[in-house]
Protein chains: 4
Amino acid sequence: MSSIARAPRSDNRLPRLLDEAARLFRQKGYHAASIRDVAAAVGMLPGSLYYHFASKEDLLVAVYEEGVRQISDAVVVATAGQSDPWRRLEAGCVAHLEALLRLNDYAQVVIRVLPRDVPKARSRLTLLRDAYERLFTDLIAALPLPAGVDRRYLRLMLLGALNWSQNWYHEGKDTPKTIARRFLKLLQVSLRGEE
Amino acid sequence: MSSIARAPRSDNRLPRLLDEAARLFRQKGYHAASIRDVAAAVGMLPGSLYYHFASKEDLLVAVYEEGVRQISDAVVVATAGQSDPWRRLEAGCVAHLEALLRLNDYAQVVIRVLPRDVPKARSRLTLLRDAYERLFTDLIAALPLPAGVDRRYLRLMLLGALNWSQNWYHEGKDTPKTIARRFLKLLQVSLRGEE
Amino acid sequence: MSSIARAPRSDNRLPRLLDEAARLFRQKGYHAASIRDVAAAVGMLPGSLYYHFASKEDLLVAVYEEGVRQISDAVVVATAGQSDPWRRLEAGCVAHLEALLRLNDYAQVVIRVLPRDVPKARSRLTLLRDAYERLFTDLIAALPLPAGVDRRYLRLMLLGALNWSQNWYHEGKDTPKTIARRFLKLLQVSLRGEE
Amino acid sequence: MSSIARAPRSDNRLPRLLDEAARLFRQKGYHAASIRDVAAAVGMLPGSLYYHFASKEDLLVAVYEEGVRQISDAVVVATAGQSDPWRRLEAGCVAHLEALLRLNDYAQVVIRVLPRDVPKARSRLTLLRDAYERLFTDLIAALPLPAGVDRRYLRLMLLGALNWSQNWYHEGKDTPKTIARRFLKLLQVSLRGEE
DNA sequence: TATGAATGAGGGTTCATTCAT
DNA sequence: GATGAATGAACCCTCATTCAT
């Protein structure tokens with residue numbers, strides 16, 4: 001009846017390894033973050049890292065996978081609370097941008113490290129990104145839109161604008177939430193007077 | 001009166017050096033393109049390059065400068081032919097995107113190589129980018145817009161979306177011109193039916 | 001009377017381990033075949049291998065031992081059927097060469113991996129080789145030879161030529177049997193006309 | 001008339017680099033001799049070596065080339081003094097073996113490092129070896145031999161036996177010259193009494 | 001018998017850069 | 001303007017091996 005308490009899962013350093021990799025890839029980018037940096041951050045020797053990952057690219061892919069998982073979850077959770085299509089899209093964009101700009105090393109890596117900069121992992125990274133973007137394809141598919149609006153371009157424009165914000169955002173000014181909402185507003189209203 | 005015409009331009013290889021640097025930075029990115037690669041492409045030895053540039057960052061900055069110059073010229077020339085503010089903006093976006101996606105190694109470097117990826121040159125690169133973006137600030141300032149529209153966000157959204165297209169564009173489908181126009185259209189019309 | 005039959009051989013993987021080690025040492029050589037390679041080939045982890053062998057050198061020595069055992073057996077069996085000394089030598093050479101070139105990973109390792117390439121095992125490997133070569137010392141001792149012929153050099157020449165054939169033999173042309181016979185023939189006849 | 005003495009060829013360290021590489025490859029074999037070893041022996045940093053050679057394999061090939069050159073020269077010079085075909089062959093074998101066993105790091109590498117142990121350089125090494133062996137093909141072609149003697153096998157046997165002597169030779173006993181002569185003698189006489 | 005996780009050393013190689021000539 | 005030769009640091013990675021479990 002009394003069961004012996006099983007030893008808690010071995011004090012695995014793999015999660016910390018991923019955390020530090022995410023942090024460094026986000027901070028310095030893929031090329032500038034060395035395997036040594038990552039290993040040192042988790043208190044390992046560089047070679048030890050290769051017990052967990054066969055190559056630096058594989059480490060990146062693992063971070064990407066986790067990044068996509070986390071940001072997907074964030075978007076799914078955020079949109080679940082809404083039923084109105086525009087509200088749902090807005091919630092998704094806000095979640096996306098908050099992960100991207102502030103909260104989440106993993107998610108930031110997904111946007112910051114561009115597939116074309118890592119040829120050996122390019123296709124895998126692209127697949128992961130594409131899978132994620134499908135969430136937005138769906139959110140946009142649900143929008144009631146005027147005839148003739150190309151939903152694909154709507155997605156590309158919206159996500160492009162959001163993702164690019166990593167290049168100009170500085171903590172302290174507008175919040176991610178504000179940014180996302182303003183971008184959406186620009187799409188919702190007509191900028192041409194004659195309408 | 002007739003002075004002996006001195007050959008005004010030595011056959012120096014600096015232009016080719018910049019051309020090849022632009023090509024390689026565009027193709028591989030900053031980190032993956034080595035000084036060796038660039039030197040080899042011009043038929044120089046790596047050390048010789050340092051006669052022209054004090055560091056790899058300086059070489060990048062020189063390419064950036066030329067890139068900004070060329071893409072600025074392209075935008076200025078394109079907009080010069082138009083007087084209607086929206087037409088002017090459209091012409092600017094098309095010129096921007098064509099340089100970015102197809103025509104111009106220098107211009108592509110300006111978008112492809114992100115300042116944060118090159119800490120030692122970051123501020124210089126950012127200054128150059130900002131100077132260029134001012135062209136769009138002006139184009140957008142001239143637009144007749146409904147009250148309450150934040151022109152700064154309009155610029156950030158539009159340029160963000162355009163710049164990000166480097167990440168998904170593939171030659172053969174839509175042309176840069178089409179893409180630019182569709183993005184603008186999305187901004188011009190109201191996506192919300194009720195408006 | 002009937003004792004409980006103990007399963008005499010556990011399903012232990014040591015034989016397969018040796019087999020794969022032999023295969024890999026033969027295929028890649030000692031240095032290029034890593035403990036990882038061997039372990040992976042048996043479906044073990046590298047560390048697990050150290051339950052069976054204290055070091056990579058010990059593993060090599062074990063393969064060598066088995067190699068010498070097998071090639072010795074082959075030679076003994078082949079010569080057993082012959083009584084004429086020259087026939088016996090020929091049978092031994094053919095058996096030696098067939099093991100060496102075609103049939104036997106273990107035997108091939110004995111010739112392919114040179115003692116001087118593995119300093120830590122050098123003396124042990126040399127002892128094993130020497131023990132094996134004694135078979136040929138005996139076969140040659142039994143030959144009726146003209147006076148003045150140095151039997152030691154005969155052995156060195158014959159075995160050297162045979163062993164070196166690993167460096168030029170390609171499956172498909174002459175068979176090991178043919179090669180061995182031709183070498184012997186060259187020794188048996190006089191190449192100098194005047195005799 | 002009095003010309004200004006040109007600066008003696010730059011005190012190039014490449015020759016020393018090759019010398020030390022030859023020495024170490026001969027001493028330890030290809031795999032066990034590291035780039036770091038070679039560099040240290042010549043007083044360079046490991047990376048500096050790559051100014052001269054693009055890879056470790058290329059360094060080996062360069063040593064091989066020099067080895068083949070030197071041993072070829074030795075054989076050519078040695079045989080030049082003789083006119084009798086058997087004497088010429090003998091002189092060639094003696095020169096070959098002296099280079100192989102005692103005198104010449106470069107030549108020893110050619111025999112000690114086996115092409116199959118260096119897959120990336122295999123074909124190049126084999127070509128070099130083959131070119132060298134053609135000297136012996138020619139020497140053997142010139143021999144007056146009984147009908148039916150296969151000269152190719154004669155070459156393979158002779159060179160195999162000579163080359164393999166690296167595996168058993170120890171300074172102090174018989175000299176290379178003696179060894180070469182004894183091997184040849186074994187071929188020249190008939191070992192079969194009845195012939 | 002093995003695994004999981006790591007060590008410590010060292011592998012070959014590439015990098016941006018320097019500087020005498 | 002450029003070369004030839006090298007530096008020093010760092011690169012990613014692989015090695016044989018260890019040891020608690």
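Here is how names work: the chains are called A, B, and so on, in the same order as the sequence lines, proteins then strands, and each is numbered from 1. Side chains included, hydrogens not; waters and symmetry mates left out as well; all remaining heavy atoms used. Predicted model only: the values in this text are computed from it and were never measured.
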Please report, rounded to the nearest Å, how far the [atom2] atom of [N] is from the [atom1] atom of [X].
{"X": "C:Ile35", "N": "F:dT14", "atom1": "CD1", "atom2": "C1'", "result": "13 Å"}
{"X": "B:Phe53", "N": "F:dG1", "atom1": "CZ", "atom2": "P", "result": "13 Å"}
{"X": "D:Leu45", "N": "E:dG12", "atom1": "CG", "atom2": "C1'", "result": "15 Å"}
{"X": "C:Leu14", "N": "E:dT1", "atom1": "CG", "atom2": "C1'", "result": "11 Å"}
{"X": "C:Lys56", "N": "F:dT18", "atom1": "NZ", "atom2": "C1'", "result": "17 Å"}
{"X": "C:Arg16", "N": "E:dT1", "atom1": "CZ", "atom2": "C1'", "result": "15 Å"}
{"X": "D:Leu59", "N": "E:dG11", "atom1": "CG", "atom2": "P", "result": "14 Å"}
{"X": "C:Asp37", "N": "F:dT14", "atom1": "CG", "atom2": "C1'", "result": "11 Å"}

When the nearest nucleotide of DNA chain E is assigned to C:Leu49 and to B:Ala33 on a heavy-atom basis, which residue is associated with the more 5' position? C:Leu49
A:Ser48 or B:Ser55, whichever maps to the more 5' nucleotide of DNA chain E: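 Comparing both residues, the 5'-ward one is A:Ser48.
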Any side-chain N or O of [X] under 4.0 Å from OP1/OP2 of [N]?
{"X": "A:Ser34", "N": "F:dC11", "result": "yes"}
{"X": "B:Arg13", "N": "F:dA2", "result": "yes"}
{"X": "D:Asn12", "N": "F:dA5", "result": "yes"}
{"X": "A:His52", "N": "E:dA6", "result": "yes"}

Can you say whether a donor on the side chain of D:Arg36 sits under 3.5 Å from an acceptor on the base of E:dG12, or the other way round?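 Indeed, a donor on one side and an acceptor on the other fall under 3.5 Å apart.
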Taking [Y]'s backbone N and O only, do any of them form a donor-acceptor pair with [X]'s side chain (distance below 3.5 Å, no angle check)?
{"X": "A:Lys56", "Y": "A:Tyr30", "answer": "yes"}
{"X": "D:Thr126", "Y": "D:Arg122", "answer": "yes"}
{"X": "A:Arg13", "Y": "A:Gly43", "answer": "yes"}
{"X": "D:Asp37", "Y": "D:Ser34", "answer": "yes"}

Nearest-nucleotide pick for A:Tyr50, side chain only, options being F:dT14, E:dA6, E:dG12: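 The listed nucleotide nearest to A:Tyr50's side chain is F:dT14.
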With respect to the side chain of B:Tyr51, which nucleotide from E:dG8, F:dG1, E:dA6 is positioned closest? F:dG1
Please compare B:Gly47 and D:Met44 by the position of their nearest nucleotide in DNA chain F and report the one closer to 5'. B:Gly47
Is it true that the side chains of A:Arg129 and A:Tyr64 contain a donor and an acceptor less than 3.5 Å apart?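 A:Tyr64 and A:Arg129 do have a side-chain donor-acceptor pair below 3.5 Å.
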What is the base-pairing partner of F:dA20, counting Watson-Crick and G-U wobble geometry with both distances under 3.5 Å? E:dT3
